[in-house]
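Input: a single structure, listed below in structure tokens.
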Amino acid sequence: MADIQLSDHDIASTSEAAAELAAMSRADLIRLKHFARLRTVGLVGVDWEDLLHEAIDRVLAGTRKWPKSIPFVVFICGTMRSIASEYWRDTAVRREFSLSDSSGGRDHSEEAPPVDLVDDKPSPEREALARRTVRRIEQLFADDATALSILEGLACGCTPDEIQLKSRMTSRQYATAQKRIRRVIARTFKERSDG
């Protein structure tokens, strides 16, 4: 498959990206926040704000070029996905390095200081809580196939457009189901915190 070549006209300037960022709606910012939270689950030392800010910094610095044919929110999500993958690879490399070369007879005094490795696997308690939360959400929407399709798509990192295409729903159906999801989850968790 041949690589697609983009001309300078197809790539937004950093000022165009900054203007698009400034014009983002509250709903778009919430989508980015939720996506960043999904992408940082299990990452040690990186929270969702770090990931989102790093993505924005790269776009505004011009190290990540925004093709205008891609919706800006989708592009930022893709940038976050890429950065999160970099963090996961770096963690794996550090772990492999520490396991394969604990001393190795080499003098490391001239190299970078050793990295403090922390086990990045979720604790059994966190895994159990996550499973209970997922089961509870599935129960809440057991009779709502549209809502379940959206939740499953978001959990897999799909964009709203991808979810709509895959589930054959209109943007209006998607927006209505999203409101329904937010209301049900907000009501459920409010009842739990009040009770």
Side-chain angles (χ1 to χ4, degrees), residues 1 3-4 6 10-12 17 20-21 23-43 46-59 64-92 120-122 126-127 129-189:
M1 181 186 305
D3 290 336
I4 298 173
L6 297 174
D10 300 324
I11 303 294
E20 191 70 22
L21 183 64
M24 287 178 71
S25 69
R26 183 168 165 14
D28 287 338
L29 292 171
I30 290 171
R31 282 188 198 100
L32 290 178
K33 175 181 171 181
H34 287 303
F35 188 83
R37 283 188 169 176
L38 282 172
R39 286 289 163 186
T40 54
V41 170
L43 279 173
V46 181
D47 66 17
W48 70 268
E49 291 171 317
D50 295 331
L51 182 61
L52 179 56
H53 292 161
E54 177 68 21
I56 291 170
D57 285 346
R58 290 186 187 191
V59 172
R64 286 298 300 250
K65 307 284 187 195
W66 169 39
K68 295 181 203 177
S69 59
I70 298 174
F72 190 68
V73 172
V74 173
F75 173 69
I76 293 291
C77 287
T79 302
M80 286 193 287
R81 181 183 294 123
S82 174
I83 294 168
S85 293
E86 289 173 23
Y87 286 136
W88 281 112
R89 275 192 304 275
D90 289 348
T91 300
D120 59 356
K121 292 192 307 191
R126 187 172 173 190
E127 287 181 348
L129 176 62
R131 281 193 297 274
R132 281 196 307 270
T133 303
V134 168
R135 277 196 304 271
R136 179 67 179 128
I137 290 172
E138 287 173 345
Q139 290 169 351
L140 287 171
F141 298 101
D143 297 328
D144 191 338
T146 304
L148 276 177
S149 294
I150 292 172
L151 292 167
E152 288 169 0
L154 292 173
C156 292
C158 295
T159 66
D161 289 338
E162 291 168 338
I163 294 168
Q164 291 170 48
L165 184 63
K166 194 182 301 183
S167 301
R168 296 182 180 180
M169 69 178 78
T170 66
S171 57
R172 180 177 291 240
Q173 289 170 318
Y174 182 89
T176 302
Q178 261 197 321
K179 288 176 189 171
R180 201 165 51 246
I181 291 167
R182 282 194 290 270
R183 277 196 310 268
V184 169
I185 290 176
R187 183 176 62 240
T188 300
F189 286 99

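Because only heavy atoms are used, hydrogens play no part in the values below, and waters and symmetry mates are left out as well, while side chains stay in.
The structure places CD1 of Ile56 at 7.0 Å from CE of Met24, a figure rounded to the nearest 0.5 Å. With values rounded to the nearest 0.5 angstrom, Trp48 atom CH2 is found 6.5 Å from His53 atom NE2. Rounded to the nearest 0.5 Å, atoms CZ (Arg136) and CD (Glu138) are 12.0 Å apart. In this structure, the separation between CG on Leu154 and CD on Gln178 is 7.0 Å, given to the nearest 0.5 Å.
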- [ ] Please step through side chain to side chain contact (heavy atoms under 4.5 Å, CB included) for the pair Arg39 and Ile83, ending with a clear verdict.
- [x] CA-CA 9 Å; Arg39 286 289 163 186; Ile83 294 168; over 6 Å; no
TODO: Evaluate side chain to side chain contact (heavy atoms under 4.5 Å, CB included) for Glu54 paired with Val46, printing each intermediate quantity in order.
DONE: CA-CA 11 Å; Glu54 177 68 21; Val46 181; over 6 Å; no
- [ ] Report the C-alpha distance between Asp47 and Asp50 in whole Å, list the side-chain angles of each, state the deciding distance to 0.1 Å, and finish with yes or no for side chain to side chain contact (heavy atoms under 4.5 Å, CB included).
- [x] CA-CA 5 Å; Asp47 66 17; Asp50 295 331; 3.1 Å; yes
Task: Steps toward salt bridge (charged side-chain N to carboxylate O under 4.0 Å, His left out) verdict (Arg64, Glu86) - done: CA-CA 14 Å; Arg64 286 298 300 250; Glu86 289 173 23; 5.6 Å; no
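Across all their heavy atoms, Cys77 and Leu32 have their closest contact at SG-CD2, 3.7 Å. Counting all heavy atoms, side chain and backbone alike, Cys158 lies closest to Ile163 at CB-CG1, 3.7 Å. Ala17 and Val59 make their closest contact through CB-CG1, 3.6 Å (heavy atoms, listed as atom of the first residue, atom of the second, distance). Taking every heavy atom of both residues into account, Leu51 and Ala84 meet most closely at CD1-N, 3.9 Å. Closest of all the heavy-atom pairs between Leu52 and Ala36 is CB-CB, 4.4 Å.
When each of Leu165, Ile70, Val74, Val73 is tested with Thr159 by the rule side-chain contact (heavy atoms from CB on, under 4.5 Å), just one qualifies, namely Val74.
Applying the side chain to side chain donor-acceptor pair (under 3.5 Å) rule to pairs touching residues 27-38 yields Ser25-Asp28, Asp28-Arg31, sequence neighbours excluded.
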Per-pair distances, 0.1 Å, donor-acceptor, side chain in residues 144-151, under 3.5 Å, sequence neighbours excluded:
{"unit_1": "Asp144", "atom_1": "OD1", "unit_2": "Thr146", "atom_2": "N", "d": "3.4"}
{"unit_1": "Asp144", "atom_1": "OD1", "unit_2": "Ala147", "atom_2": "N", "d": "3.0"}
{"unit_1": "Asp144", "atom_1": "OD1", "unit_2": "Arg180", "atom_2": "NH2", "d": "3.2"}
{"unit_1": "Asp144", "atom_1": "OD2", "unit_2": "Arg180", "atom_2": "NE", "d": "2.6"}
{"unit_1": "Asp144", "atom_1": "OD2", "unit_2": "Arg180", "atom_2": "NH2", "d": "3.2"}
{"unit_1": "Ser149", "atom_1": "OG", "unit_2": "Ala145", "atom_2": "O", "d": "3.0"}

